[in-house]
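Worksheet: the structure to be examined is printed underneath.
Along the sequence shown, residues carry numbers from 1. Computed from a predicted model, the values in this text were never measured in an experiment. As the structure lists them, so they are numbered: ligands from 1, and atoms in each ligand from 1.
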Amino acid sequence: MSFIEYQNDIKDGDTAIVFLGHDSMFPIKVQHGSQTQTKYGVIRHSTDLIGKKFGSKVTCSKGGWVYILHPTPELWTANLPHRTQILYSTDIAMITMMLELRPGSVVCESGTGSASLSHAIIRTIAPTGHLYTVEFHQQRALKAVEEFRDHKVDHLVTVKNQDVCKHGFGVTGIADAVFLDIPSPWEAITHAKSALKMEGGRICSFSPCIEQAQRTCQAMEENGFTEIDTLEILLRVFDIRTVNMQIPDLGKGEEDTSAAECDENRKPQECAKKQFELQGTVAFKTAVSLKSMSGHTGYLTFATKSLF
Ligand SMILES: C[S@@+](CC[C@H](N)C(=O)[O-])C[C@H]1O[C@@H](n2cnc3c(N)ncnc32)[C@H](O)[C@@H]1O
């Protein structure tokens with residue numbers, strides 16, 4: 001298993017996602033002799049997982065079942081152990097496109113945080129690109145190194161434990177793109193500029209507050225960045241429901257004899273009920289937006305460093 005290549009069979013040491021439902025899944029490290037508890041009973045790694053195919057339906061000890069999924073950056077983002085606030089797939093999708101990331105891209109990022117975005121960048125730039133990620137919190141930096149090794153992507157990423165605002169990214173003139181998710185990104189803009197290639201590249205900074213975005217835009221302008229754009233992405237999720245709707249009464253057709261049944265001999269309630277039955281209902285599937293919607297995550301400020 002690797003986060004950049006699909007593999008059929010589950011092996012000892014792999015990371016897998018135990019899927020109980022869309023709102024209930026968690027990652028596990030598959031290990032000979034290990035067991036994982038679920039509400040449907042225990043999963044024994046040696047007999048239930050190792051050698052089985054990713055995507056298999058696995059029966060747990062109490063008779064219930066779960067699916068075992070191959071990890072992807074999106075599933076990892078939805079299930080990773082949080083060491084910090086993280087970026088989610090909606091923002092990540094926009095960042096990937098607007099930074100023009102592709103196989104072979106060289107990217108600088110800070111801070112690494114919980115490495116949610118890092119996994120998505122690595123998957124996009126593989127197999128020939130490289131990510132330089134900077135995190136000044138030592139334990140977080142070390143944990144990220146361990147995860148990248150576990151997920152077999154460590155050859156595509158270098159983790160540096162330093163302050164990006166003071167010491168930059170540790171590389172000069174090689175990056176196609178720079179991404180910042182730190183409290184004071186405006187202090188890292190000159191370092192971002194020197195990390196980018198001479199001929200130019202793209203930058204993105206993520207900030208929850210508009211004042212941070214304003215200061216970052218100013219710093220970008222002072223450093224000669226162009227095409228400065230700040231935007232926010234909001235996700236609307238829909239549920240598919242079966243809805244029963246009453247067919248509207250558009251008047252009685254000529255062949256409709258039901259009117260005769262609603263004469264003065266009937267009680268008004270009975271008459272109304274009869275007419276409703278005759279009118280009937282229609283059942284159809286429709287998309288209904290969820291009652292609550294995830295709110296503001298942050299502003300994304302994009303800009304370009306150009307040769308001229
Ligand atoms: C919000 S988290 C980043 C989350 C990350 N984008 C993700 O998707 O998991 C911000 C991280 O930046 C680190 N950080 C803040 N200021 C920094 C600086 N000046 N240099 C390096 N790292 C910094 C923090 O320690 C924290 O881990």
Compute the shortest N/O to N/O distance between Arg140 and ligand 1 and return yes if it is under 3.5 Å, no if not.
->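 Yes - when backbone and side-chain N and O of Arg140 are compared with those of ligand 1, one distance drops under 3.5 Å.
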Heavy-atom count around Glu5 CD within 6.0 Å, excluding the residue itself: above 12?
->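 No - once you tally the heavy atoms of other residues, nucleotides and ligands closer than 6.0 Å, there are 12 at most.
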Evaluate whether atom NE2 of His82 has more than 12 neighbouring non-hydrogen atoms of other residues, nucleotides or ligands under 6.0 angstrom away.
->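 Atom NE2 in His82 is crowded, with more than 12 foreign heavy atoms closer than 6.0 Å.
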How close does the nearest protein non-hydrogen atom get to [atom], and which residue and atom is it?
atom                    : result
atom 12 (O) of ligand 1 : Gly111 CA, 3.4 Å
atom 20 (N) of ligand 1 : Val164 N, 3.0 Å
atom 10 (C) of ligand 1 : Asp181 O, 3.3 Å
atom 22 (N) of ligand 1 : Phe136 N, 3.2 Å
atom 1 (C) of ligand 1  : Gln85 O, 3.5 Å
atom 19 (N) of ligand 1 : Asp163 OD1, 2.8 Å
atom 5 (C) of ligand 1  : Thr112 O, 3.5 Å

For ligand 1, note which part of [X] has a heavy atom under 4.0 Å away: side chain, backbone, both or neither.
X      : value
Leu87  : both
Gln162 : backbone
Ser116 : both
Ala115 : backbone

Taking only heavy atoms of Pro183, which atoms of ligand 1 are found under 4.0 Å from at least one of them?
->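 Listed by number with element, the hits are 15 (C), 16 (N).
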Which atoms of ligand 1 sit under 4.0 Å from any heavy atom of Ser114?
->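 Going through ligand 1 atom by atom, the ones under 4.0 Å from Ser114 are 9 (O).
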Under a 4.5 Å cut-off applied to non-hydrogen side-chain atoms, are Pro208 and Thr297 in contact?
->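 Heavy-atom side-chain distance check fails, nothing below 4.5 Å.
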Sub-4.5 Å side-chain heavy-atom contact between Leu49 and Val58 =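 Yes, at least one pair of side-chain atoms sits under 4.5 Å.
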Before accepting this row, confirm whether a basic side-chain N of the pair Arg123/Glu74 lies closer than 4.0 Å to the acidic partner's carboxylate O.
->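 Yes, charged N to carboxylate O under 4.0 Å.
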Phe148/His155 under ring-ring contact (aromatic ring centres under 6.0 Å, His included): CA gap, chis, key distance, verdict | CA-CA 9 Å; Phe148 294 141; His155 56 295; over 10 Å; no
Can you tell which of Lys152, His151, Gln31 makes a side-chain contact (heavy atoms from CB on, under 4.5 Å) with Asp14?
->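 By the side-chain contact (heavy atoms from CB on, under 4.5 Å) criterion, Asp14 pairs with just one of Lys152, His151, Gln31: Lys152.
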Identify which of His167, Glu135, His137 has a heavy atom lying nearest to atom 27 (O) of ligand 1.
->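 Looking at heavy atoms only, Glu135 sits closest to atom 27 (O) of ligand 1.
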Pairs of donor and acceptor atoms involving the side chains of residues 167-179, under 3.5 Å and at least two apart or interchain, shall be tabulated with distances.
residue	atom	partner	partner atom	Å
Asp176	OD1	Lys197	NZ	2.7
Asp176	OD2	Val106	N	2.8

Should the ring pair Trp65 and Tyr67 be called parallel, tilted or perpendicular, given that the plane angle runs from 0 to 90° and is split at 30 and 60?
->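 Perpendicular, since the angle between the ring planes exceeds 60°.
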Going by distance alone, is a donor N or O of one side chain under 3.5 Å from an acceptor N or O of the other, for His296 and Glu232?
->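 Yes, side-chain donor-acceptor contact under 3.5 Å.
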